[in-house]
S.K.: 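Shown below is the structure under consideration.
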Amino acid sequence: MEMRARESVYMSEDLTRAIAPYAAALHDAFLHSHCSVCFRKLPSQPPCAVSCMMCCSVRYCSSDCSSSDRQVHLSSGECCFFADHIKRASPSFLAEGTSDLRSALRLLYLLEMRGLVSSDSVNQATRIGGLSASGIGEAMGEGGEIAERILEGSMLMSSARKMRTQTSVVSANGLTVETVALWAVMINSVAVQISEGRNLGIAIYGPGFSWFNHSCSPNASYRFVLAPCDEDYVSDKSEYSAVPASKEVAVDEWHAWQFEDDSTHALGKYGPRVVVRCMKPINKGDEVCITYIDLLQTREARHSDLWSNYKFICSCKRCTSSPESYVDLLLNELEFTRGCCFVSSNRGFE
C-alpha cells in the first residue's frame, strides 16, 4: 500500500484534508489536565470539567465532548479497564503508560461497530480495518519487552471487553482480535503534538493517513490541528492530492476508505486531526512519503529503530546510496566522536 500524487504539487501545499482519527487517547500524565476527546487543556475557571461518573479517570472540557465520547468510553471497555482491570496490570506495564491499550480498545470497538473487522483480520494478521498489522509474527517470535507488552495488554483488553461480549475470536496461530488491534495501534499510531510542543497522546488514523509509507528522505510531513470549538469543521480542500495506489485492495480496506470519508464517526467532529503537507515539489504519480522516526541518526540507528518498532528495513534512496550521503557521513563522524569521548571519560574512573 502506498500514496501517490494525484497531480503535480508545489512545495508547502496541503496534500490531504484535516483527517479525523479512528481512535485517540491521552497519555496517562495528561488525563486530568486535558480533554480526552479534543485534547484541549481543561478550563481552570467555570464551567468546570466534566468527568466520567463511573471510573472518574477521563475528563472533558465540555458537555459536547462528553456526549460524543460516552458510548465509546463505556462500550469499548475503557471505563471498565480504569474502574477494575487496571489493578491487574503489572508495574512494568503501567510504567510505560496505558494510552496504547486504551486506543486499541477504542479502535476495536469502532471497527466492530462499523463492520470493519473480519475473520481474515485475525487469521491473516496483516490488516485490520485497512490498517497494517504486518510483522506481528516477528514481534511475538522475538520475545522481549514488546512481545510481553502485547501479551499482557491483549489479556487486559479481553478482560475489559467481556463486559459487553462473551466471545473472543482466536485464530489458528493463537492470535486474538485484541492482540491484532493492539499491534495495529503500536505500529500505526502517531504522537499528537499541538502548539504546546508536548506529546499529549497518540492517535490512529485511517488509510488516508496510515497508507503513507516511510522514507529517510521524505517529501512530505504532517501536522496536527484541533477541531473548532462548538462548530462543525468544513475543510477548504475539496479533494485529496495524494491518493492510494495498490495492486489489490481487499474488501475491508475499501470499506475503510468509504468509512473515512464519513466525518460523523466517533471522533470525527472533535478529535485531533492530521494534515499532510509536501516539503518539496512533487510530480504527478510520484510516491508521497513521510518519516516514522528521527532522521538525525546514522543509517544503522535508523534501521534499528524501524525494525524494533515497525518490523521493516528502509530501502529508500538515502539508505541505499553508496557512498553514503554527506549528512550520513557527518552523523557517522559525530557518532564516532561521541563513542571516543565516552571511552575516554570512562577511563578517567579506572
Side-chain angles (χ1 to χ4, degrees), residues 1-16 126 132-139 141-146 183 186-191 193 197 199 209-224 241-247 274-348 350:
M1 305 301 176
E2 60 189 26
M3 300 290 282
R4 293 189 174 272
R6 181 202 298 269
E7 57 194 6
S8 295
V9 291
Y10 297 104
M11 183 171 63
S12 300
E13 283 192 30
D14 286 349
L15 299 170
T16 68
T126 56
S132 172
S134 60
I136 188 171
E138 291 86 344
E142 288 179 359
E145 295 180 2
I146 292 179
W183 175 247
M186 294 173 72
I187 65 173
N188 288 281
S189 63
V190 289
Q193 296 181 340
N199 181 357
F209 178 74
S210 68
W211 283 11
F212 282 97
N213 286 326
H214 164 85
S215 172
C216 293
S217 182
N219 53 12
S221 61
Y222 57 89
R223 71 183 189 277
F224 296 95
S241 293
V243 294
S246 174
K247 293 180 179 179
V274 66
V275 180
V276 179
R277 168 171 287 193
C278 60
M279 299 164 55
K280 58 185 72 172
I282 303 175
N283 294 322
K284 179 179 179 179
D286 286 352
E287 183 176 6
V288 182
C289 294
I290 59 176
T291 182
Y292 298 172
I293 58 172
D294 177 10
L295 296 179
L296 291 179
Q297 304 182 87
T298 64
R299 179 165 58 188
E300 290 72 19
R302 297 197 307 272
H303 286 187
S304 177
D305 273 2
L306 289 170
W307 181 256
S308 297
N309 295 302
Y310 304 102
K311 299 308 173 191
F312 75 87
I313 299 297
C314 184
S315 58
C316 70
K317 184 177 180 180
R318 179 183 173 188
C319 288
T320 56
S321 64
S322 181
E324 290 186 274
S325 66
Y326 174 77
V327 172
D328 282 322
L329 290 174
L330 181 60
L331 290 170
N332 289 335
E333 183 69 24
L334 290 173
E335 188 68 22
F336 177 77
T337 302
R338 289 196 197 99
C340 290
C341 292
F342 178 76
V343 172
S344 177
S345 62
N346 280 347
R347 285 179 177 172
E350 293 179 355

S.K.: Would a 4.5 Å heavy-atom cut-off, applied to side chains only, mark S241 and E7 as touching?
M.R.: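 Side-chain contact under 4.5 Å: yes.
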S.K.: Would you say that C314 contacts I293 through its side chain, given a criterion of any heavy-atom pair below 4.5 Å between the two side chains?
M.R.: no
S.K.: To the nearest 0.5 Å, what is the distance between SG (C216) and OH (Y292)?
M.R.: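 Those atoms lie 11.5 Å apart.
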S.K.: For I313, give me all partners under side-chain contact (heavy atoms from CB on, under 4.5 Å), at least two apart in sequence or on another chain.
M.R.: H303, W307
S.K.: Got F209 and I290 here, is their nearest side-chain heavy-atom distance under 4.5 Å?
M.R.: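 A side-chain contact under 4.5 Å exists here.
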S.K.: Looking only at heavy atoms, which two atoms of V288 and A5 are closest? And how far apart?
M.R.: CG2-N, 3.9 Å
S.K.: For the atom pair CZ (R4) and CD1 (I282), what is the distance rounded to the nearest 0.5 Å?
M.R.: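 It is 11.5 Å, given to the nearest 0.5 Å.
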S.K.: Any side-chain heavy atom of C289 within less than 4.5 Å of one from N219?
M.R.: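 In contact.
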S.K.: Just so I know, are the side chains of F312 and N213 near enough to count as touching, which here means a heavy-atom distance under 4.5 Å?
M.R.: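 Side chain of F312 against side chain of N213, heavy atoms only: no contact under 4.5 Å found.
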S.K.: To the nearest 0.5 Å, what is the distance between OG (S217) and NZ (K280)?
M.R.: 4.5 Å
S.K.: CZ/R302 to CG/D294 distance, rounded to the nearest 0.5 angstrom?
M.R.: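 Atom-to-atom, R302:CZ and D294:CG are 10.0 Å apart.
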S.K.: Where the side chain of R299 meets the backbone of C319, is there a donor-acceptor pair that is under 3.5 Å apart?
M.R.: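 Judged by distance alone, yes, a pair lies under 3.5 Å.
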S.K.: To the nearest 0.5 Å, what is the distance between CH2 (W183) and CG (N188)?
M.R.: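 Separation between the atoms: 10.0 Å.
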S.K.: Test of understanding: with side-chain contact (heavy atoms from CB on, under 4.5 Å), list the residues that count as partners of T320, not counting sequence neighbours.
M.R.: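 With sequence neighbours excluded, T320 shows a side-chain contact (heavy atoms from CB on, under 4.5 Å) to S315, given in chain and number order.
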S.K.: Restricting to side-chain contact (heavy atoms from CB on, under 4.5 Å), what partner residues turn up for S221, sequence neighbours left out?
M.R.: M279
S.K.: Is there side-chain contact between V276 and M3, with at least one heavy-atom pair below 4.5 Å?
M.R.: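 Contact flag for V276/M3 side chains = no.
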S.K.: Using 0.5 Å steps for rounding, measure from the CG atom of D305 to the OH atom of Y310.
M.R.: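 Output value for this atom pair is 8.5 Å.
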S.K.: Identify the two heavy atoms, one from L295 and one from S215, that lie closest to each other, and give their separation to 0.1 Å.
M.R.: CD2-O, 4.2 Å
S.K.: Answer whether the closest heavy-atom distance between the side chains of V190 and V274 falls below 4.5 Å.
M.R.: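 No; the side chains remain at least 4.5 Å from each other.
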S.K.: Can you tell if the side chain of I187 reaches within under 4.5 Å of the side chain of S132, non-hydrogen atoms only?
M.R.: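 I187 vs S132: side chains touch.
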